[in-house]
Structure formats: C-alpha cells, structure tokens
2 protein chains.
Amino acid sequence: MTVTLADVAAHARVSPATVSRVLNGNYPVAAATRERVLRAVSELDYVVNGPASALAAATSDLVGILVNDIADPFFGIMAGAAQAHLNAPADPSAPVRTNGERLAVVCNTGGSPARELTYLTLLQRQRAAAVILTGGAIEDDEHSAAVAAKLARLAEAGTRIVLCGRPALSGPGAGPVHATLSFDNRAGARRLTEHLLGLGHTRIGYVAGPAERTTTRHRLEGHRDALSAAGVAHDPALVLHGSYDRASGRAAAAQLLSAAPDLTAIVAANDTIALGVCAGARERGLRIPEDLSVTGFDDLPSATDAVPALTTVRLPLYEAGARAGALATGAGVPGGVEVVPAELVVRGSTKAPL
Amino acid sequence: MTVTLADVAAHARVSPATVSRVLNGNYPVAAATRERVLRAVSELDYVVNGPASALAAATSDLVGILVNDIADPFFGIMAGAAQAHLNAPADPSAPVRTNGERLAVVCNTGGSPARELTYLTLLQRQRAAAVILTGGAIEDDEHSAAVAAKLARLAEAGTRIVLCGRPALSGPGAGPVHATLSFDNRAGARRLTEHLLGLGHTRIGYVAGPAERTTTRHRLEGHRDALSAAGVAHDPALVLHGSYDRASGRAAAAQLLSAAPDLTAIVAANDTIALGVCAGARERGLRIPEDLSVTGFDDLPSATDAVPALTTVRLPLYEAGARAGALATGAGVPGGVEVVPAELVVRGSTKAPL
DNA sequence: TTGAAAGCGGTACCAG
DNA sequence: CTGGTACCGCTTTCAA
C-alpha cells in the first residue's frame with residue numbers, strides 16, 4: 001500500500017493534524033516536532049495524495065493551459081513560458097500548498113470548439129486552480145456563449161481564468177475572467193501593410209487564417225484599415241481564407257498569382273502561411289523579394305530560420321506567456337486587461353515594386 | 001455552491017449510489033431510473049468532482065506526457081498524437097469512468113533532470129492513470145536510478161508507464177514499464193552516414209546533441225559504426241557537442257569549417273541543428289549542396305520547409321505518439337518493447353564531393 | 001434493481 | 001503549540 005499521512009503521523013508520533021500543518025507550513029509548529037515530522041516524511045518517502053488534498057481543501061494545484069495546436073511553436077513558446085512562471089509566484093506570501101508546486105498541464109484543443117469545451121469541463125472536474133486560454137478565439141455566438149457559461153462556472157468554483165493572446169470577453173461573460181492579455185493584432189497588421197504601401201505597393205494579396213477566428217479577423221481588419229487610410233481600393237478577390245498552415249499558404253499563393261499576376265506583394269496572416277506562400281511563389285518561378293514581396297506575422301524563429309529575410313510583426317510570445325503564468329498565480333488586478341504591443345520587424349523580404 | 005452528486009440524487013429521487021452507477025455505467029440500472037438520473041444531471045448541469053472521485057476510486061483520469069521541450073515540434077507532434085489517441089480506447093470493454101475521457105496533460109521538463117523528477121512526483125501525487133515519457137533520456141546513473149525508483153512507485157500505485165522515443169529501461173528498472181516504443185536512432189544514423197560514404201564523402205563533420213542524452217549517443221554511435229564499417233578513420237576532432245537548437249548548429253558549423261576546411265559534408269544530430277549548420281555554412285560563403293553536403297534527422301516539416309532539399313532520417317513521430325497514447329490506455333502486452341524503424345529520406349542536400 | 005453506510009486521505013475547526 | 005474529529009464528494013460492498 002502507499003504511505004498515507006496517518007502513517008507519517010504514527011511514525012513521527014504526532015497527530016495527523018500536525019503533519020498536515022508541517023506540510024502546508026501555514027501554521028505554527030514547534031521546530032523539534034517539525035523536524036521529526038519531516039524526517040518521517042522522507043524516511044517513509046511520503047507523497048501527498050493530490051485528490052484527497054484537493055477534496056478536503058476544495059482546490060487543487062492543477063493549472064490548465066489550452067492551446068489550439070500543440071505542434072505549433074507559437075503556442076509552444078507561450079505555454080512553455082507560462083509553465084515556467086507558474087512556480088515562481090509573484091507574491092511570496094501566497095499560501096503554500098505542499099510545495100507550492102503547481103502542475104501546469106497543456107491541453108491541445110486542435111482548434112476544435114467541442115474539444116475546447118471538453119477540456120474546460122475536464123479542468124472543472126479537477127477543480128483546477130487556474131485556466132489559461134491562449135491564442136485566437138472561435139467566433140461563433142453559440143460557442144462563445146457556451147464558453148462564457150463554462151468560464152462562469154469555473155470561476156464560481158474558484159478557478160482563476162486568464163486569457164493570453166485572446167481578446168477580452170465583452171459583456172456579461174467578462175465577469176469571471178481574472179486577467180486578459182490581448183495581442184494588438186490589428187495595429188500590427190496595419191503597420192505591416194502601411195510599410196508595404198510606403199514602398200509603393202498597391203496590388204497586395206492577403207492570405208488569411210480560418211474565417212471564424214478572432215486573430216484572423218483582427219489582422220485582416222488592420223490590413224484593410226491601412227489600405228483605406230491610404231485611399232487604396234480594397235479588392236475582396238485578393239483575400240483568401242485557409243488554415244494556419246503551410247499547405248494553405250502554398251495553395252493560396254498559387255491561386256492568387258494566377259488570378260492576379262499583377263500582385264507585387266502578398267501578406268500572410270502568420271509565419272507558417274508565409275512559408276507556404278514563398279514556396280508557392282517560387283514554384284511559379286518568382287524570386288523573393290525581387291519579383292514578389294512576402295510578409296509574415298508572429299516572428300517565429302522556425303519561420304525566420306527558413307526565410308531569414310522575412311519581414312514580420314513580432315509578438316512577444318515568451319513574455320506574454322510568462323506574464324500569463326504570473327497572472328494565473330494571482331498577480332495583477334482582477335479584471336485587468338493588458339494590451340500587448342505588436343512590433344513591426346522589417347527585413348529584406350519586401351522591396352519597392354518595379 | 002457547486003452541484004454535487006447528492007443534489008442530483010435528490011433531484012432524481014434516487015440514492016447517491018444509483019447516480020454513481022448510472023454515471024459510471026458499470027452496473028445494471030433500470031432504464032427508467034437511468035433516464036431520470038441523466039435528466040437530473042443535465043438539468044442541474046452537474047460535473048463530477050474529479051478529486052473526490054479519484055480519492056474514492058483510487059485512480060484518476062489524468063495522463064501525463066513528459067516532453068523535453070514543448071516549443072519543439074518534435075515533441076509537439078508526438079504529444080498531440082498521444083493526446084488524440086487517448087480518448088479512443090483500443091479496448092472498448094475497459095471500465096469507463098465518468099465519460100471515459102482522460103485528461104491528457106503535457107508537462108515540459110525543459111530537459112532538466114530535476115524538473116523531470118518533480119513532474120513525476122506531481123503526477124504521482126495526482127494518482128495519474130498513466131505517464132508517457134517522450135524523447136531521449138538523460139544518461140546519468142544517479143538520475144536514472146531516481147527515475148527508476150519513481151517509476152516503480154508510480155507503477156505500484158497503478159499508474160501505467162509508457163516510454164515513447166526513449167530506449168527501454170534495462171535491469172530492475174524495466175519492471176514497472178508497461179510499454180516501450182524506442183526509435184531506431186542508431187540504424188537511422190548509420191544509414192545516413194552510409195549514404196554519404198556511398199557518395200564518396202570521407203571527411204565528414206558531426207554536430208551532436210547534448211552529451212548526456214541517449215538520442216545523442218545512439219545517433220553518434222550509428223555514425224561511427226558506418227565509418228568503421230567502411231574503413232574510414234574516425235577523427236574525434238570532427239565531432240562537436242551542443243544543444244538541440246539552431247544556434248548550436250551555426251556555431252558548430254563555423255568551428256568545424258575553420259578547423260577542417262576540407263570537410264565535404266556535415267551530419268547534424270537533428271533537423272534544428274541542421275538548419276543552423278546551413279546558416280553557418282552559408283555565412284562562410286558555401287553553397288549547399290554544391291560546396292558542402294548537409295543532413296538532418298527527424299524530418300520535421302518545420303525544417304524541410306526551410307530547406308526542402310534536406311536529406312534526413314524520418315521518424316514516424318505521429319504514429320509513435322498515437323501508439324503511445326493507445327498503449328497508455330492499456331493496449332499492448334505489458335512489458336512489451338517495440339522498435340520504431342527510422343527511414344532514410346534522400347533529398348537534394350547531399351552530392352558527391354569534387 | 002436499489003438503498004444504506006463505511007470508508008478513501010487530507011484539512012481545518014475547536015478544544016485543551 | 002498540539003490533538004481530536006467532523007466533514008469534503010464519491011465509490012463500493014452489503015443488505016434489502
């Protein structure tokens with residue numbers, strides 16, 4: 001059988017209550033007693049029973065991090081940063097459970113609304129201490145309502161909700177959210193297109209992400225804002241939607257370039273798409289940037305490795321993830337919304353059109 | 001307050017025991033009663049209390065997946081696959097808890113021995129149903145012993161242990177492991193170097209991973225095996241160790257090429273390093289593969305995007321992850337060891353030396 | 001087929 | 001400062 005707290009108590013010749021107090025360090029215990037208990041713990045190789053502890057205390061040390069695609073470094077970087085900063089509490093006076101160690105768990109929704117809800121239920125079932133939702137949200141009234149309802153239930157049960165790289169919930173759904181870190185996707189996208197316009201480009205293709213995502217919409221809106229501010233007519237035929245992957249970018253490039261051979265630039269909604277666009281363009285014999293300017297978004301190392309000259313918009317993913325981790329441990333003002341700036345990084349992948 | 005099973009029982013006018021039986025579906029219950037209970041559940045929006053359930057049943061539905069680097073798609077692909085196949089049990093007769101849904105959680109060790117142990121303890125504390133350890137293991141007697149001991153304790157408590165992309169434990173530590181999927185890194189590396197030798201290369205540099213990793217050692221051994229089989233003298237000065245990242249590859253390439261300008265090929269221990277090697281070589285004005293052949297390992301899409309012509313060794317990461325997920329749910333023969341083949345993928349990044 | 005009740009392993013309140 | 005002891009919410013015999 002596994003060792004229980006009662007075993008430790010017997011071994012140390014104290015009451016279970018005392019052992020619990022020593023372990024949680026939230027109550028005065030005589031140094032000698034404490035010593036004895038700790039020795040018993042290590043002698044018996046005792047490990048707290050998480051479920052029992054969570055049941056009794058009505059909270060657990062589990063923190064869920066929801067990501068849309070675990071194979072995408074965009075999420076990996078944020079999740080890793082969050083995880084790393086969960087165990088370095090901003091507030092040292094915070095009550096310490098067992099070791100103060102939180103079990104950060106990454107849940108891969110694959111972008112599926114159903115799985116997003118399933119994971120939230122699973123985390124609710126585990127009475128998670130916090131939930132961090134990362135990346136763009138799905139824009140669908142029914143789904144949004146369901147998520148908002150779930151989040152409300154979670155918050156009710158004491159789970160702290162943090163949004164990272166996702167726009168703040170509006171209306172009644174915003175209540176339960178402890179903190180929001182939203183990326184300034186719109187401004188970033190606007191700056192990117194302004195940069196192209198500044199170089200003289202006017203025929204610009206745009207390869208967007210999935211239609212029902214907030215990131216997709218915001219980045220596209222930024223692009224359009226820049227166009228209309230410059231008085232350039234917006235041609236809907238130059239915008240193609242797809243998924244956030246390379247294949248989508250390749251296909252879109254092929255389609256755009258054959259439909260509109262006069263394009264001088266293509267804006268991709270993210271770096272992975274941009275890589276595909278470059279591939280698609282090269283397959284048509286175009287050189288980048290001599291014949292076609294291409295831009296990305298997110299500034300992922302994996303993309304700039306492939307195309308070091310890629311002009312992109314840099315989102316501070318690591319910093320945002322780290323901040324989200326800290327917020328999940330209780331830092332920050334409840335209900336706070338922080339906008340994370342998106343910085344234009346100009347490299348060689350854009351040049352003035354002929 | 002949150003809704004409890006007792007509330008559901010009252011609402012459905014049955015005993016808590018009956019509600020439990022309905023929810024777990026592992027006991028005969030009259031259809032009418034069952035109906036009534038299910039309606040009560042949905043009317044009250046009841047969600048099982050995981051900790052309480054785990055405490056009473058002495059098992060949980062949590063599955064931990066340990067990875068060395070969550071920002072690396074190598075692990076992302078395996079983890080995502082495992083997660084996806086955890087909820088499609090191979091054995092339909094397996095006892096179904098709550099919904100049969102397991103909470104797959106990805107734990108990022110960052111390659112740190114201490115964090116690996118910490119996570120194992122955390123999972124032990126949660127009474128995890130299974131633990132999947134992915135990727136190369138750290139080769140250090142003390143650490144290995146500690147991990148083996150931990151795994152033994154976990155197995156004792158009913159946690160199923162699966163190794164994925166990690167060599168089988170030998171000796172007494174092998175006991176608790178339910179299944180092992182080991183990549184045939186050595187054979188893959190051997191084939192890769194044989195390919196280069198076949199082209200006529202004899203001065204071959206090698207950029208290895210961290211010294212204390214099994215993957216590092218096995219791949220390097222495969223390389224050396226090929227060299228000695230071909231009667232090519234092994235020059236230790238041509239082997240450099242570093243971490244599994246791009247920077248390490250770039251630096252190593254610079255160092256190798258200045259120390260041994262007569263190199264005609266460089267073998268990188270994985271794709272990320274290969275990317276760095278290409279970058280480093282190009283910085284010295286070398287063209288690939290005209291002036292220098294470069295090979296990778298793992299065949300990650302993110303790498304072949306960057307260098308589509310990269311000759312690599314393909315490991316079926318998704319398939320292996322999926323299999324590991326199935327094994328974690330109980331499939332397969334206890335104690336089984338499966339060797340996953342590594343397939344050489346020849347592309348344009350290698351050519352015969354002048 | 002269903003109900004009653006004894007735990008599962010900790011926590012935290014109340015005494016002492 | 002320490003011990004005794006009701007729970008926490010669910011599972012699972014044992015009876016009915």
Side-chain angles (χ1 to χ4, degrees), chain A residues 1-38 40-41 44-62 95-99 124-127 129 157-158, chain B residues 1-37 40-41 44 46-62 95-99 124-127 129 157-158:
Chain A
M1 250 326 269
T2 46
V3 180
T4 73
L5 182 141
D7 298 334
V8 176
H11 194 84
R13 298 148 58 68
V14 296
S15 74
T18 300
V19 177
S20 174
R21 294 196 265 256
V22 169
L23 259 28
N24 289 301
N26 51 6
Y27 223 81
V29 174
T33 315
R34 182 190 164 70
E35 213 42 57
R36 207 142 33 90
V37 169
L38 289 178
V41 165
L44 297 179
D45 197 15
Y46 169 71
V47 173
V48 179
N49 181 316
S53 169
L55 173 57
T59 62
S60 78
D61 49 12
L62 202 67
V96 186
R97 170 165 318 294
T98 55
N99 270 327
Q124 178 184 6
R125 183 194 296 172
Q126 301 296 332
R127 303 297 187 262
Chain B
M1 252 322 271
T2 46
V3 181
T4 73
L5 181 141
D7 298 332
V8 175
H11 195 84
R13 297 149 57 69
V14 297
S15 74
T18 301
V19 177
S20 173
R21 295 198 261 256
V22 169
L23 260 27
N24 290 300
N26 50 7
Y27 225 81
V29 173
T33 315
R34 182 189 165 71
E35 214 41 58
R36 207 141 34 89
V37 170
V41 165
L44 297 180
Y46 170 69
V47 172
V48 180
N49 181 316
S53 169
L55 173 58
T59 62
S60 80
D61 49 12
L62 203 67
V96 186
R97 172 163 319 292
T98 55
N99 270 327
Q124 178 185 6
R125 182 194 297 172
Q126 300 295 332
R127 303 296 185 264

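Bear in mind the structure is a predicted one, so any value in this text is a computation, not a measurement. Residue numbers start from 1 in every chain, and the chains themselves are labelled A, B, ... in the order their sequence lines are given, proteins ahead of strands.
Protein atom CG of A:Leu5 is 14 Å distant from nucleotide atom C1' of D:dT5, rounded to whole Å. Note: CD (A:Gln126) to P (D:dG9) measures 15 Å, nearest angstrom. Between the CG atom of A:Leu55 and the P atom of D:dC8 there is a distance of 9 Å, rounded to whole Å. Rounded to whole angstrom, the span from the CG atom of B:Leu23 across to the C1' atom of D:dT11 amounts to 12 Å. Regarding B:Asn26, its CG atom lies at a distance of 15 Å from the P atom of D:dC10, rounded to whole Å. To the nearest angstrom, C1' of C:dG9 lies 9 Å from CZ of B:Arg127. The separation between B:Asn49 atom CG and D:dC7 atom C1' is 14 Å, rounded to whole Å. Atom CG in A:Asn24 sits roughly 10 Å away from atom C1' in C:dA12 (whole-Å rounding).
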Below 3.5 Å, can you tabulate the donor-acceptor pairs from side chains in residues 14-23 of chain B to any protein atom, sequence neighbours excluded?
unit_1: B:Ser15; atom_1: OG; unit_2: B:Ala17; atom_2: N; d: 3.4
unit_1: B:Ser15; atom_1: OG; unit_2: B:Thr18; atom_2: N; d: 3.3
unit_1: B:Ser15; atom_1: OG; unit_2: B:Thr18; atom_2: OG1; d: 3.2
unit_1: B:Ser20; atom_1: OG; unit_2: B:Asn24; atom_2: ND2; d: 3.4

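A side-chain donor-acceptor contact under 3.5 Å links B:Ser60 to the backbone of B:Arg127. Here the side chain of A:Arg36 pairs a donor or acceptor atom with the backbone of A:Ala12 at under 3.5 angstrom.
Contact between A:Arg125 and B:Pro51 at its shortest, heavy atoms only, is O-CD, 3.3 Å.
The end-to-end axis angle of the helix from C:dT1-D:dA16 to C:dG16-D:dC1, rounded to 10 degrees and based on five pairs per end, is 30°.
OP1 or OP2 of D:dT11 has at least one side-chain nitrogen or oxygen of B:Ser20 nearer than 4.0 Å.
Taken from CG in B:Asn49 to OG1 in B:Thr4, the straight-line distance is 9.0 Å, to the nearest 0.5 Å.
The side-chain contact (heavy atoms from CB on, under 4.5 Å) search around A:Ala56 returns none, not counting sequence neighbours. With sequence neighbours excluded, no residue satisfies salt bridge (charged side-chain N to carboxylate O under 4.0 Å, His left out) with B:Asp7.
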Sub-3.5 Å pairs of nitrogen or oxygen atoms, protein against nucleotides 1-3 of chain C:
unit_1: C:dT2; atom_1: OP1; unit_2: B:Thr33; atom_2: OG1; d: 2.2
unit_1: C:dT2; atom_1: OP2; unit_2: B:Ala30; atom_2: N; d: 2.7
unit_1: C:dG3; atom_1: OP2; unit_2: B:Ser15; atom_2: N; d: 2.9
unit_1: C:dG3; atom_1: OP2; unit_2: B:Ser15; atom_2: OG; d: 3.2
unit_1: C:dG3; atom_1: OP2; unit_2: B:Thr18; atom_2: OG1; d: 2.7
unit_1: C:dG3; atom_1: N7; unit_2: B:Arg21; atom_2: NH2; d: 2.7
unit_1: C:dG3; atom_1: O6; unit_2: B:Arg21; atom_2: NH1; d: 3.4
unit_1: C:dG3; atom_1: O6; unit_2: B:Arg21; atom_2: NH2; d: 3.4

